[in-house]
A.B. asks: 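Below you will find the structure I want to go over with you.
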2 protein chains.
Amino acid sequence: MKIDKSLVRSIPLFDRMSDADLDKFLGHAISRRVPVGEAVFEQGAAATHFFLLLHGRLKVTQVTEDGQQIIVRVVHPGDLFGFAKALQRSDYPGTALAVAESIALCWPTELWPQFVDRNPRLAVTAMQTIGQRLEEAHTRIREMSTQEVERRVAHAVLRLANQAGRKEGSGVRIDFPISRQDIAEMTGTTLHTVSRILSAWEAKGLVEGGRQKLIVLDINGLAALADHVKE
Amino acid sequence: MKIDKSLVRSIPLFDRMSDADLDKFLGHAISRRVPVGEAVFEQGAAATHFFLLLHGRLKVTQVTEDGQQIIVRVVHPGDLFGFAKALQRSDYPGTALAVAESIALCWPTELWPQFVDRNPRLAVTAMQTIGQRLEEAHTRIREMSTQEVERRVAHAVLRLANQAGRKEGSGVRIDFPISRQDIAEMTGTTLHTVSRILSAWEAKGLVEGGRQKLIVLDINGLAALADHVKE
DNA sequence: GCCAATGTTTGCGCTGTGTCAAAGATGACA
DNA sequence: TGTCATCTTTGACACAGCGCAAACATTGGC
C-alpha cells in the first residue's frame, strides 16, 4: 500500500530525519487497515510492534481488575502509539480500539533501538512527545482533583473539539462516533451524569447532541463554563 | 562538596555510562543544600537547571489558577527531577519543595543535549524513566476515576510506605514529615476526610498517626482495604 | 514554662453524583 | 418495513464526602 510520506514528515518525530533514513524507516513498515470495533492491540498482549496512525481514530482503554473501563486517550492521525517496548514494558498497558475506519503503520519493536542508534535526535524528540503526554496526564489529574464533573466534561469536550473537530453548519462536530459512556470514561463519571449535563447544555444552546454524536455550537460559552469559577 | 559516586551509579540513568563520561558529567554538577521549606525551583520559573536528588525528600506541587494545590509527586533520593527543558518546556510546571533537609545535584539544562549526543543510551534510559512516570500518572487517573476516597488513600499510603518507609518498632514509618493536608493533595480529597479515614484506621489498629507523622502497623490489612472490593 | 503558630480531630448539614429503574430514540439488518 | 440491539434520557432516592466551624493537640520560640 502506498504510504503518504508528507503526512509522516509532518510528525515532530520525523521532521528532522534525513530523506534516506526516512525511506529506510518506512521501508520496514507494514500498513494495516483496521475496521471499526477492531483492536490494533489488546491490554496485556506482548508488545511486538509500535505504530503510527495515518488515518482514522482510536481510543486507548484500560480495564481495572474489577471490570471498570477508562479511556486513557484518543489517538489521532499522525500520533505515534503502542510505544510500550520503548518504555521498557514487555506488554501493552491498554487496548487500542478503532472507533473509525483506520489505517496504521506498524513496525516490529526490535527496530526501535536501531532507528534510535542511527538517528540520535529521534530519541530526543520521542522523549519530548512522551513529555507532552505526561503533562496531559497531570492536567487530567489536576482537573479530577479540583474540579467538579461539569467543568471536567467541559474541558474534555473542548479538547475533543480542538483535536477532532470538523466544522459543520454553525458549530464544530466531533469527527468520530462518541457515546456518553465514552465521555464518562474520559472524565471519571457515569454516563447518566454526562447525559444530564449534555441535556442541560443543549437546553442552553451550547451543544447539539445525538446518538454517538456531539456538535459544539458555542465554544466560548463552553470555555467560560470550563474556566470560570462557578458563581 | 564530595559527591557520592556509587549513589549516582545506582540510578538507572547512569548505570551504563562509562566511568570517564560519568566523571565528566559530575564535573559539571553543582551540589546544593536545600533546607526544609525551601524550594529547589518554583512553578513557572525559567527552567535553567535539571537536578538529581542525592539526599532528603521533596514534594512537587502545582497550584491551579483558582489557588488549589495538588502534590504531583514525591521525589526520593536517586530520582532525577526538574526535567522540564529536556521535555521541550521552557519553564518548570511545578514547584519542588524540600520537606526534609536535602542535597541535590544541579546541571545547567544546556548540557542535556551534549550529554545525550555523547551518550545515546542516555536518551533511551531517560525515556524509560519518563515512561514509568507516565504509567504512574495513569495509575493515579485510573484510581481517581474508579475508586472511592478510602481506597485511594490506602493506595497512596502503601506507596509511601514502599518508597519512603523505615522500619520502626512493629510498623513502618513514613520517613519524612507528612500532614493530612499532604495526603489529601495526593489523593484529590480534603484534609478533613483524610483525618477521618486515618482515625478510623487507627481505631482498627491499621496505622498509628500523629502530628506530621504516619506509621503503618498492618501493611496487609491496608493492602486488603486497597485491593478488596468493599463488602 | 508560657504563647503563638501550625496541624489535627470531630460534629453537622448540605448537595453533587452515583445507583437503580424504566421508558424513549435511533440505527442496523433481515 | 419490522425487529432488535444499542444508546440516550429522565426520575427517584440515597449517601459519600465536602464545606463550615469550633475545639483540641503538638511543637518551637522566647
Side-chain angles (χ1 to χ4, degrees), chain A residues 35-37 59 66-71 97 99-101 143-154 156-157 174 176-204 207-215 225 229-230, chain B residues 35-37 59 66-71 97 99-101 143-154 156-157 174 176-204 207-215 225 229-230:
Chain A
V36 174
K59 61 178 179 185
D66 49 313
Q68 295 193 79
Q69 184 172 269
I70 69 159
I71 294 186
L97 202 75
V99 292
E101 174 85 12
E143 287 179 2
M144 300 211 0
S145 295
T146 62
Q147 302 175 2
E148 68 274 23
V149 176
E150 184 172 17
R151 284 183 72 189
R152 300 208 301 266
V153 175
V157 169
I174 309 299
F176 60 93
I178 185 169
S179 69
R180 322 285 137 156
Q181 177 75 35
D182 289 331
I183 297 177
E185 289 173 8
M186 295 193 296
T187 53
T189 179
T190 63
L191 82 161
H192 304 275
T193 300
V194 171
S195 179
R196 276 182 250 271
I197 288 173
L198 290 187
S199 294
W201 288 355
E202 193 154 9
K204 287 199 263 179
V207 303
E208 184 192 326
R211 185 193 179 88
Q212 307 234 78
K213 187 184 79 165
L214 186 56
I215 303 177
L225 257 184
V229 177
K230 186 160 70 192
Chain B
V36 174
K59 62 178 178 186
D66 49 314
Q68 295 193 79
Q69 187 172 267
I70 69 159
I71 294 185
L97 202 74
V99 293
E101 175 85 12
E143 287 180 2
M144 300 210 5
S145 295
T146 62
Q147 301 175 5
E148 69 271 25
V149 175
E150 184 171 18
R151 285 183 71 189
R152 299 208 301 263
V153 175
V157 170
I174 309 300
F176 61 93
I178 185 169
S179 68
R180 321 287 135 154
Q181 176 75 36
D182 289 332
I183 299 178
E185 289 173 7
M186 294 194 299
T187 52
T189 177
T190 63
L191 81 161
H192 306 275
T193 301
V194 171
S195 178
R196 277 181 249 270
I197 288 173
L198 290 187
S199 295
W201 287 356
E202 193 154 10
K204 286 198 263 179
V207 302
E208 185 192 327
R211 185 194 179 86
Q212 308 234 80
K213 189 184 78 165
L214 187 54
I215 302 176
L225 256 183
V229 177
K230 186 158 73 190

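FYI, side chains are in, hydrogens and waters are out, and symmetry mates aren't considered; it's all heavy atoms of this structure. Residue numbers begin at 1 in each chain, while the letters A, B, ... track the order of the sequences.
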A.B. asks: Without decimals, in angstroms, what is the distance between A:Leu198 CG and D:dC7 C1'?
C.D. replies: 13 Å
A.B. asks: What's B:Gly210 touching, base or sugar-phosphate or nothing? Going by heavy atoms closer than 4.0 Å.
C.D. replies: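 Touches sugar-phosphate only.
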A.B. asks: Rounded to whole Å, how long is the line connecting atom CG of B:Leu191 with atom C1' of D:dG17?
C.D. replies: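 Between C1' of D:dG17 and CG of B:Leu191: 13 Å.
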A.B. asks: What is the distance from CD of A:Gln181 to P of D:dA5, rounded to the nearest Å?
C.D. replies: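 About 19 Å, once rounded to whole Å.
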A.B. asks: Closer than 4.0 Å, any side-chain N/O of B:Ser195 to the OP1 or OP2 of C:dT10?
C.D. replies: no
A.B. asks: B:Val157 versus B:Leu214: any side-chain heavy-atom pair under 4.5 Å?
C.D. replies: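 Yes. Closest side-chain heavy atoms under 4.5 Å.
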A.B. asks: May I have the distance from B:Ile178 (atom CD1) to C:dT8 (atom C1'), rounded to whole angstrom?
C.D. replies: 14 Å
A.B. asks: What nucleotide among C:dT17, D:dG17, C:dT8 has an atom nearest to a side-chain atom of A:Glu148?
C.D. replies: C:dT17
A.B. asks: Can you tabulate the close N/O pairs, meaning under 3.5 Å, that link protein atoms to atoms of nucleotides 28-30 of chain D?
C.D. replies:
none

A.B. asks: When every nucleotide of nucleotides 19-30 of chain C is labelled 5' to 3' by its protein contacts under 4.0 Å (heavy atoms), B for base, S for sugar-phosphate only, - for none, what sequence of letters results?
C.D. replies: BBB---BBS---
A.B. asks: B:Ile183 CD1 to C:dT8 P: how many Å, rounded?
C.D. replies: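 Spelled out: CD1 on B:Ile183 to P on C:dT8 is 8 Å.
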A.B. asks: For a 4.5 angstrom cut-off between non-hydrogen side-chain atoms, does A:Ile215 reach A:Val207?
C.D. replies: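 Heavy-atom side-chain distance check fails, nothing below 4.5 Å.
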A.B. asks: If only atom types and distance count, is the side chain of A:Arg152 paired as donor or acceptor with the main-chain N or O of A:Gly188 below 3.5 Å?
C.D. replies: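 Judged by distance alone, yes, a pair lies under 3.5 Å.
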A.B. asks: Do NZ/NE/NH1/NH2 and the carboxylate oxygens of B:Glu208 and B:Lys213 come within less than 4.0 Å?
C.D. replies: yes
A.B. asks: So, do B:Thr193 and B:Ile197 sit near enough that their side-chain heavy atoms are less than 4.5 Å apart?
C.D. replies: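 The answer is yes, as the side chains (C-beta and beyond) meet within the 4.5 Å cut-off.
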A.B. asks: Can you check whether B:Ile178 reaches B:Met186 side chain to side chain, under 4.5 Å on heavy atoms?
C.D. replies: yes
A.B. asks: Quick one: is D:dT10 close enough that its OP1 or OP2 comes under 4.0 Å of any side-chain N or O from A:Ser199?
C.D. replies: yes
A.B. asks: Output the rounded distance in Å from CE (A:Met144) to C1' (C:dG18).
C.D. replies: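 Answer to the nearest Å: 14 Å.
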A.B. asks: If we only count heavy atoms from C-beta on, is the A:Glu185 to A:Gln181 side-chain gap below 4.5 Å?
C.D. replies: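 Yes, close enough: below the 4.5 Å cut-off.
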A.B. asks: Determine to 10° how strongly the helix from C:dG1-D:dC30 to C:dA30-D:dT1 is bent, judged from the axes of its five-pair ends.
C.D. replies: 40°
A.B. asks: Checking the side chain of B:Glu202 only, and the main-chain atoms of B:Gly209 only, is there a donor and an acceptor separated by less than 3.5 Å?
C.D. replies: yes
A.B. asks: Rounded at 0.5 Å granularity, tell me how far CD in A:Gln147 sits from CG in B:Asp66.
C.D. replies: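 Rounded to the nearest 0.5 Å, the CD-CG separation comes to 7.5 Å.
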A.B. asks: Return the value, rounded to whole Å, for the distance between atom CG of B:Asp182 and atom P of C:dT8.
C.D. replies: 8 Å
A.B. asks: Provide, to the nearest angstrom, the distance between the CG atom belonging to B:Leu214 and the P atom belonging to D:dT26.
C.D. replies: 16 Å
